[in-house]
Amino acid sequence: MVKEAKLYDIFELEVSVEPYNFKLTAQAYNFSWWYNGRSLIIPLDNVLVKIKEHDKENTLVAEIYSHNNVEYNLDVIVEETAWTLGLHENLAEFYDKANRDPLLGKAAEKLRGYHVRTTSLWNALLIGVCQQNASFRQGWRMLYEIYRRLGQHVMIPGYGETLIPPQPKTIVEKGIEPLIEARTGYRAQTIYRIARFLEETPSLPREPWKLKQFLLEVKGIGEYTVRLSLVLSKRYYEEPPIDRWLKEIIIQVYGVDKSNVEEYYRRIWGKWAGLAALLTTIALDAETLRKALARIREGRTVPEEKDKPTPLTLWKYF
DNA sequence: TGCCAGGCGGGGT
DNA sequence: ACCCCGCATGGC
């Protein structure tokens, strides 16, 4: 039985940073539950926020929905929505730098204005774990199966079916079996441990570097997963998530020795390293390493039209 | 059909 | 600070 959400409130948001591209921000690494080509759904703690572009330039219109009677503070919802979309984040310096980069130069033009659309730390960790030792497509399928089985399906008028993603509490209650059924393999144990850890830890450190040390205590969370999760949930870009895939790309593109990859990458990107890493996956359609390297050699370093899911078209398939 | 994929931990040296 | 292996699963 799928519940229907009701409209509670409407507000507008001004896009005051330049560059900013709503479409790219909304569609990248998203599922059809939360993006349909026009509207973006952001599931917040108690409500669902539906956002689309206004006829007026640099303006977004947002509607607040809920499937049960909730109390909420409008100011808090507005602030959380603006944070999720990165409406106060100025990436002009990043895109200017990226324009001059041999790998990201072309993509920086096409994707200019893309911002990280943040998600909760818990969701970000889930994304990271599903990417472990799997292809992009396998990882996102796992995530899709987890959400589909354990999330709460809700109808939004004028949108269709959306989903409130499962919280750690749900995972703890239902145990690892649904995670195994979602074909997560040995990652199921890690996901379960993360859920229990977050349930049992009442307050986490605010500073990213300290938070990182906490999270690394959980068996199954390593450097890559924790860094990616901090990029996706906190916009903490200082420490780039470099996996086997990006490492080999860096070695070949910049001609650095394998022992200096991270040091080099952090030197050229500075405080934008994590964002550059993420943009690289979008630029190359998250192709597996062999194909990604071939595309770089051919100079095809911008997203292409595909008949299969890519970071920008995931929402058309799942 | 055995590899291998956007990792990780545990074990070695 | 390295190197190596096993690990669920799915796709060549």
Side-chain angles (χ1 to χ4, degrees), chain A residues 28-29 103-104 107 116 119 123-146 148-149 175-195 197 212-233 237 239-254 256-263 265 269 273-296 301 303 306-312 314 317-318:
Chain A
Y29 288 109
L103 175 56
L104 286 183
V116 172
T119 186
N123 260 319
L125 287 164
L126 216 46
I127 293 168
V129 171
C130 288
Q131 292 300 313
Q132 291 176 3
N133 197 29
S135 70
F136 157 82
R137 271 170 275 277
Q138 189 184 358
W140 286 86
R141 176 166 289 123
M142 280 183 231
L143 197 61
Y144 174 82
E145 290 297 327
I146 293 171
R148 190 174 67 75
R149 285 155 199 278
I176 64 163
E177 274 165 48
L179 301 173
I180 298 291
E181 287 170 12
R183 318 304 288 161
T184 56
Y186 58 76
R187 301 165 194 82
Q189 292 291 347
T190 302
I191 294 168
Y192 184 70
R193 278 192 291 265
I194 294 170
F197 172 81
K212 184 183 160 192
Q213 295 315 308
F214 264 63
L215 295 171
L216 285 173
E217 294 297 312
V218 181
K219 188 171 160 183
I221 297 183
E223 274 295 329
Y224 169 76
T225 303
V226 78
R227 289 182 184 204
L228 180 60
S229 71
L230 291 176
V231 166
L232 297 179
S233 66
Y237 306 141
E239 299 183 67
I242 299 178
D243 43 36
R244 292 194 294 231
W245 184 85
L246 183 56
K247 182 175 180 180
E248 188 57 32
I249 287 173
I250 295 169
I251 289 169
Q252 298 213 9
V253 169
Y254 302 103
V256 295
D257 188 81
K258 62 182 194 302
S259 60
N260 291 327
V261 169
E262 175 165 349
E263 186 198 345
Y265 204 66
W269 287 108
L275 185 55
L278 192 60
L279 200 68
T280 304
T281 68
I282 300 175
L284 297 170
D285 291 319
E287 293 279 14
T288 47
L289 185 57
R290 260 189 139 60
K291 290 181 183 170
L293 291 170
R295 279 189 43 170
I296 292 169
T301 50
K306 300 277 175 187
D307 53 2
K308 58 188 181 185
T310 70
L312 292 181
L314 197 55
Y317 294 83
F318 290 105

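Labels below follow one simple rule: chain letters A, B, ... track the order of the sequence lines, proteins then strands, and each chain is numbered from 1.
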Check the distance between C:dC4's P and A:Arg244's CZ and give it to me in whole angstrom.
14 Å
To the nearest Å, give me how far apart CD (A:Gln131) and P (B:dC8) are.
12 Å
Could you give the CG-to-P distance, from A:Asn133 to C:dT9, as a whole number of Å?
13 Å
Within 6.0 angstrom of A:Lys306 NZ, more than 12 heavy atoms from elsewhere:
yes
If you find the nucleotide of DNA chain C closest to A:Gln138 and the one closest to A:Lys291, which residue's nucleotide is nearer the 5' end?
A:Gln138
Would you mind classifying the nucleic acid contact of A:Ala286 as base, sugar-phosphate or nothing, using non-hydrogen atoms under 4.0 angstrom?
base
Phosphate oxygens OP1/OP2 of B:dC4: is one of them under 4.0 Å from a side-chain N or O of A:Thr288?
no
With the threshold set at 4.0 Å, does a side-chain nitrogen-carboxylate oxygen contact exist between A:Arg290 and A:Glu248?
no
Can you give me the closest heavy-atom contact between A:Gly139 and A:Ala134, atom names plus distance?
N-CB, 4.4 Å
Could you state the CZ-C1' distance from A:Arg183 to C:dG11, rounded to the nearest angstrom?
14 Å
Does A:Gly220 or A:Arg290 map to a spot on DNA chain B nearer the 5' end, using the closest nucleotide for each?
A:Arg290
Given atom CD of A:Gln252 and atom P of B:dG6, what is their separation to the nearest angstrom?
13 Å
Check A:Arg244, A:Gln138, A:Arg187 against A:Asn133 for a side-chain hydrogen bond (donor to acceptor under 3.5 Å, both in side chains) and give me the one that passes.
A:Arg244
Return the 5'-most residue of the pair A:Lys258, A:Tyr186 with respect to DNA chain C, ranking by each residue's nearest nucleotide.
A:Lys258
Report which part of the nucleic acid A:Thr190 touches: base, sugar-phosphate, or nothing (heavy-atom distance under 4.0 Å, all strands).
nothing
What is the distance, rounded to the nearest whole Å, between atom CZ of A:Arg137 and atom C1' of C:dT9?
16 Å
Given the P atoms of B:dG6 and C:dC2, what is the spacing between them in whole Å?
23 Å
Contact class for A:Arg187 (heavy atom, under 4.0 Å): base, sugar-phosphate, or nothing?
base
In whole angstroms, the gap separating P of B:dG9 from CD of A:Glu217 amounts to 11 Å
For A:Ile242, report the nucleic acid contact type (base, sugar-phosphate, nothing); a contact means any heavy atom under 4.0 Å.
nothing
What contact category does A:Glu145 fall into here, base, sugar-phosphate, or nothing, at under 4.0 angstrom with non-hydrogen atoms?
nothing
B:dG6 C1' sits how many Å from A:Arg141 CZ, rounded?
16 Å
Salt bridge present between A:Arg183 and A:Glu145 (N-O < 4.0 angstrom):
no
Side chain of A:Lys219: nearest nucleotide among B:dG9, B:dG6, C:dT9?
B:dG9
Any base atoms under 4.0 Å from A:Leu289, or only sugar-phosphate, or nothing? Heavy atoms, all strands.
sugar-phosphate
